[in-house]
8 protein chains.
Amino acid sequence: MLFSHGDRIVFAGDSVTDMGSEHPVGEGLFNNLGHGYVRMVENLLIAAYPDMTVRVTNSGIGGNTSRDLLQRFERDVISLKPDWISICIGINDVWRQFDLPVSKDTHVYPDEYEANMEKMITASKAAAKGVFILTPYYMEPLKADPMRARMDEYVEICRRLAEKYDCIFVDFQAMFDRVFAHRHSCSIAWDRVHPNEMGATIMAREFLSHCGFEFHREA
Amino acid sequence: MLFSHGDRIVFAGDSVTDMGSEHPVGEGLFNNLGHGYVRMVENLLIAAYPDMTVRVTNSGIGGNTSRDLLQRFERDVISLKPDWISICIGINDVWRQFDLPVSKDTHVYPDEYEANMEKMITASKAAAKGVFILTPYYMEPLKADPMRARMDEYVEICRRLAEKYDCIFVDFQAMFDRVFAHRHSCSIAWDRVHPNEMGATIMAREFLSHCGFEFHREA
Amino acid sequence: MLFSHGDRIVFAGDSVTDMGSEHPVGEGLFNNLGHGYVRMVENLLIAAYPDMTVRVTNSGIGGNTSRDLLQRFERDVISLKPDWISICIGINDVWRQFDLPVSKDTHVYPDEYEANMEKMITASKAAAKGVFILTPYYMEPLKADPMRARMDEYVEICRRLAEKYDCIFVDFQAMFDRVFAHRHSCSIAWDRVHPNEMGATIMAREFLSHCGFEFHREA
Amino acid sequence: MLFSHGDRIVFAGDSVTDMGSEHPVGEGLFNNLGHGYVRMVENLLIAAYPDMTVRVTNSGIGGNTSRDLLQRFERDVISLKPDWISICIGINDVWRQFDLPVSKDTHVYPDEYEANMEKMITASKAAAKGVFILTPYYMEPLKADPMRARMDEYVEICRRLAEKYDCIFVDFQAMFDRVFAHRHSCSIAWDRVHPNEMGATIMAREFLSHCGFEFHREA
Amino acid sequence: MLFSHGDRIVFAGDSVTDMGSEHPVGEGLFNNLGHGYVRMVENLLIAAYPDMTVRVTNSGIGGNTSRDLLQRFERDVISLKPDWISICIGINDVWRQFDLPVSKDTHVYPDEYEANMEKMITASKAAAKGVFILTPYYMEPLKADPMRARMDEYVEICRRLAEKYDCIFVDFQAMFDRVFAHRHSCSIAWDRVHPNEMGATIMAREFLSHCGFEFHREA
Amino acid sequence: MLFSHGDRIVFAGDSVTDMGSEHPVGEGLFNNLGHGYVRMVENLLIAAYPDMTVRVTNSGIGGNTSRDLLQRFERDVISLKPDWISICIGINDVWRQFDLPVSKDTHVYPDEYEANMEKMITASKAAAKGVFILTPYYMEPLKADPMRARMDEYVEICRRLAEKYDCIFVDFQAMFDRVFAHRHSCSIAWDRVHPNEMGATIMAREFLSHCGFEFHREA
Amino acid sequence: MLFSHGDRIVFAGDSVTDMGSEHPVGEGLFNNLGHGYVRMVENLLIAAYPDMTVRVTNSGIGGNTSRDLLQRFERDVISLKPDWISICIGINDVWRQFDLPVSKDTHVYPDEYEANMEKMITASKAAAKGVFILTPYYMEPLKADPMRARMDEYVEICRRLAEKYDCIFVDFQAMFDRVFAHRHSCSIAWDRVHPNEMGATIMAREFLSHCGFEFHREA
Amino acid sequence: MLFSHGDRIVFAGDSVTDMGSEHPVGEGLFNNLGHGYVRMVENLLIAAYPDMTVRVTNSGIGGNTSRDLLQRFERDVISLKPDWISICIGINDVWRQFDLPVSKDTHVYPDEYEANMEKMITASKAAAKGVFILTPYYMEPLKADPMRARMDEYVEICRRLAEKYDCIFVDFQAMFDRVFAHRHSCSIAWDRVHPNEMGATIMAREFLSHCGFEFHREA
């Protein structure tokens, strides 16, 4: 597997990463890790690799855009000296353009998003063994939806930067498209953004599929 | 205007009609009418027609399908001796097919829906001066979405029955399509079903546009 | 209509404006705008003009007299760079004279009220395209009531200043008199000051009748 | 004083009598007597007559009209075998005509009110040493107010019946008129019906002034 | 009566004065005056003298000893420029000696009590038209009880200082002794210190009996 | 020790026995036994006799008089087939005579008390190996207090019946007199009835001193 | 995989199965399935098999022993017509023997346990395609612990019956032993019985390893 | 007995000492002492020695390791000028090594523990008449358990230091071993650390057995 005994991985992000975790960063038992995909990743790591300790830290804060995350990136991610860094940001950059169209100061447009991401990625590459880029997403499979169309631009930025800086690229948007070929998005999230426990498990599975994770291995 | 001084109108429906109203039926000050489109209809009637009293009764109950509403229709609608009856049902008939696909006993398919509607409409026509059919809807403007496509079948049933029985037809689905040409649905409802206060006002305005309502009239 | 696409309007006032809005100023979805006439104004704007965005900001704080509002007027109104400013203040200036007659330091008498208003109006005229003066009111139609009689002096000051400075004058007191020719005030407010949702709709309708608002227009 | 050691007095009425008392009837320490005029009457009796025990029972229930009180009069008043009975009812008979004009089934008009009162008074006269009629009231001193004008009809019925059946007549409406010559009603009640502690004391004082009560007597 | 129209009276004390009032000082409607004897004094003043305004201020804070009150006396009493000052302190000075015998730093012994009182009385005499000394008390009529015996020493200090400085002396301890000749203390207070509403009325009546108060006067 | 391995003891009583235990009867871990002397008895039994199991059942219900306890004695005590029965009742029989003097139907006078006790004792003697009579008490050491004087009559009845029927007699009243020679009752109970944890421990110690209990024994 | 599209599986058990699920049985979104291993099983099924629907029903109720489950087995399991039945019961049968040793009527000893299990298994075999026996467990790896030793007897009964009736045998006790070779039980459960989310995932993984489940399969 | 009239004893520790006490230190009635062994010690002292006052202070704070306690030892223990000091610390030093193995910065290993303890003991010896060392413990009687084995190292350090500095040594670990020969630990604590009231009594009894405490003495 990708992670070694004793490695530390920090998950940076917004409410989808946060999901009720401790602020500014949380780890350990109970809700300190929240109840989203980060919690599920640790659950599955411990279930299949009880003989290995990987320190999982949740550095997600609800409502964050890439602008907010950049501002606290040194304090809440880099200074923790992680071996691995995961970044999943951008949903709010797009969402505010659609649910609060009049409040333009809360919007983060593609150019700024790309610049914010690039700064965080270069800082991460310098600090850690490996960097994961988890794409933002909108749980809407129809690409004609204007918010989905907008989100695709941000996903594309992620793909480009991941390639440029040799990051591990986890495409949550594409993954949800595959799921929604079979199930309607309303069975995974009320608002097409915040996954329920099933959605969190789908995301954790996708993440772990990039880590050489073996579900049925013997400890 | 359509309504006369002293008329009573009963709004039957599901959670979209209910929106926190008193059970089984509510009327009067405060939350007894809930805080959805029914509350807004009464607000606007009183604002523009303070010299006229129209008794507005909320007979919506959250989670109801047409099957549930039919079962309580005599008790909660007909027996109140309304002058006007409004029926807005069907969202849950469709929704359960998508958010709880495994629980088939909670689904109401088109044939049963049509039969349920027809029974309520004929009972209403015999009891009241006029009957409104308010369509169910899904706040998804893309008709390729499977739940929207399914909903369109139910809307079509409403249209056909309204015509057959000479009811006043209020097409919420078409109305939302017009709105979403300009704004994204996420600014009106988190889950594409339950409108916030803005959405409730949009719905009340649509309803009143079929009633000869004059917003700026002098009392 | 008076407002153009992209305009911002700030509503300054006391608890009648506030009605549970975010402090010091609120805007956006949900309760950030409170549930009074400001919320209703935005609801109706969006219902009839979904193709136009007007940024509505609630700058009301419960319990404020004109003395309190003046003190925070630069921070909570002018500095927001609004295109339109609405001022609705004075109810508490009068009320404290009647419900707390012994606590004279909480009273604001007509001379001070006029001076406070004049300062806020001149600041507003210099900053915005247009200024609305919404009169304070007491939901008591009998002019012999001493608090109503007192309130009429403040309404008169508003009328005089609105004329002097060419503001849009919205006479809530006169409007309520027209309503109470048909309905008793106790059906609109328990305490003759804080309107329920019906009263808030009556106020929003009055406000919008000064804005060239068309309820039934096609978007 | 009117009451003898060991006498029991039952106060029947609506929310003004109830004020949070135990249901259906309450007595004893704490809130069992509510915190309205009944509580104040007992407080003052004990303060001035600590050497005498008078059993005070609160039989008020919020929202009651004379129709409701009549229905429970045998159970909640007569069957308690009181020495003295006090009846204070009618506010809701009138109020519903003004705050819920559309819900006519909740209104109790003068003829029915008089019939209800007469039944309760004759039952009381047969059962107790003495009967108090406490008038309903509206804390509005201006007689031109339509609800006040309506209330005066009910007060007049009380006066007539009290005389006919030789009851002790306590005219709360006239008493409040005297108070509001000096203070505004908003300092006594938010809604012109439910008194605060000051109003409750004013009412208790009026009641006791018909009982030969001596405030400064030595026990 | 002792008080003139427009006079202000400040009641300083501990939890018996406080009884839930606003901190550091409270006045006006509702619970700002607490629900103890201060609330009752204002209630009775308004009931009998609606034509006169006396500003009543509650400056009691629960748990205060004379040491604590002295420390805040300038801020919470003198600086309010009262016409009349009432001081009721000392219960906690004594109580802590009995319920927390091991925590000697919380005890205030007679010598310190007398010094504290003398400082507050001389400051009050210099600032106000008149000063009331309300004795501390223990609702235990048997003088052999050690806490009652101790309290009698503090009452005696009050009596001596009231005479020396020509204050109005209100002997709550003697008053309760008279009441307990007829009723057991457990019907007035659970803990022999904090009166219920009946006890608060007994105390207010005693206070007002030193003020030329006429309960039945015509306004 | 008196109790054998496997014995069951049921404690019947009022709020002093109950102290928050499960109703109608409670046992086991946590609050099922309440937090009064019954809890303390079990705590001490387990601390000193971990090698022995004694089943302790709390059958106390707050507010009970001997009349109430008699009514449920078969169901809540006898039918549990206890080896030992403890009865501690009578405080409310007396208390109501002093805190609710007007409500005579709540009082239980000595003759009825004695009759009630005798019925419960004879039923207990027939059913169990041994019966404890725990006296009611009032935490007032001065016998001149009228409620204490009254309580002494009930204590005397307990003593007489315990002797007549050869019960184990636990005199809580005498025990508290010994304690209050050294400490004031206000450090043990706010209301002279309900002990805090210290008081509960004093009572448990007294109970166990009649059982051959050895605190320091080796298990 | 073992399950086919459209299959229904009912999980019967105690609090470990229940974990906050709806009563008597729960299914669907949110907490209706609780948040224990049943929730995790559904999460993982949907994550890896989004193209297949398996109806998962939680029929666990906290505190149940095998005696309690047997009593409701027809109503809560068999009558649901499941294709698959899972039984996980026995922890409370053992636990009560150790945490409530005095309350013997709450204990279920091995003979009764075996009889209860056998009845449920035969009923299940007659009704479903397949039956899972999930062993009770105590998260104590040291077999010398008396409660663990006792639990091993019950696990052994499960093994024997699973073999006799050809059920799928899931040995949670053995699985936890393997985990605790690497991690201390206190990181999985506070009380050695109720797993946190990590423990629930370990259990779900074990369950699924008997079902031909493929974690990384493509839908 | 060891303690003299007027002595003060301060109990320093973690959550086992704290158990809900006031922070940073608590004493007096009610929950200020928490509800653990400290509360029980005071209860028993007062029950058996009502004629003697010993000031008991709870200086426990939940979650503290020896590192945390050392940091606040001067402020929360020494500066209170106690006659006796009790130290019970170390459980969290060990526990974090097992329930949060990945978070190594929260672990306190034996060398640091010994150093921390030695500093606190020497400071205590210099300040007080006598010092108690209460061992940390894990309520697991099987010494093969890795956390128990680890705890034994810390207990051994306590024993060595107690001997070296002539402290009174209270071996809670050995005491629990004796108890668990008869009862399972799950009847005393859910998590093998925090005792219920029975466990707190067992601990208080053990503590007092080192103080010459006589349970049945006459005051």
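From a predicted model like this one, the values you see are computed outputs, not experimental measurements. Note that these values count all heavy atoms, side chains included, but never hydrogens, waters or copies made by symmetry. Naming: A, B, ... by sequence-line order, numbering from 1 per chain.
Of residues 42-52 of chain G, those residues lying under 4.5 Å from chain A by any heavy-atom pair are G/E42, G/N43, G/L44, G/I46, G/A47, G/A48, G/P50, G/D51. Listed in order of number, the residues of residues 209-217 of chain A that approach chain G to under 4.5 Å between heavy atoms are A/S209, A/F213, A/F215, A/H216, A/R217. Residues from residues 83-101 of chain G never place a non-hydrogen atom less than 4.5 Å from a non-hydrogen atom of chain A.
Under the ring-ring contact (aromatic ring centres under 6.0 Å, His included) criterion, A/Y137 pairs with A/F176, sequence neighbours left out.
More than 12 heavy atoms of other shown residues, nucleotides or ligands fall within 6.0 angstrom of atom CD in G/E156. With a 6.0 Å radius and a threshold of 12 heavy atoms from other residues, nucleotides or ligands, G/K143 has its NZ atom at or below the threshold. Counted within 6.0 Å of CD on G/E163, heavy atoms from surrounding residues, nucleotides or ligands total 12 or fewer; the atom is thus considered open.
For G/R205, the parts sitting under 4.5 Å from any heavy atom of chain A are the backbone and the side chain alike. Interface remark: G/M203 contributes no atoms to any contact with chain A (heavy atom separation under 4.5 Å).
Side-chain contact check for A/H35 versus G/H35: every heavy-atom pair is 4.5 Å or farther apart.
Interatomic distance, CG of A/L33 versus CE of G/M198, reported as 7.0 Å (0.5 Å rounding). For the atom pair A/R178 CZ and G/E218 CD, the distance stands at 6.5 Å (nearest 0.5 Å).
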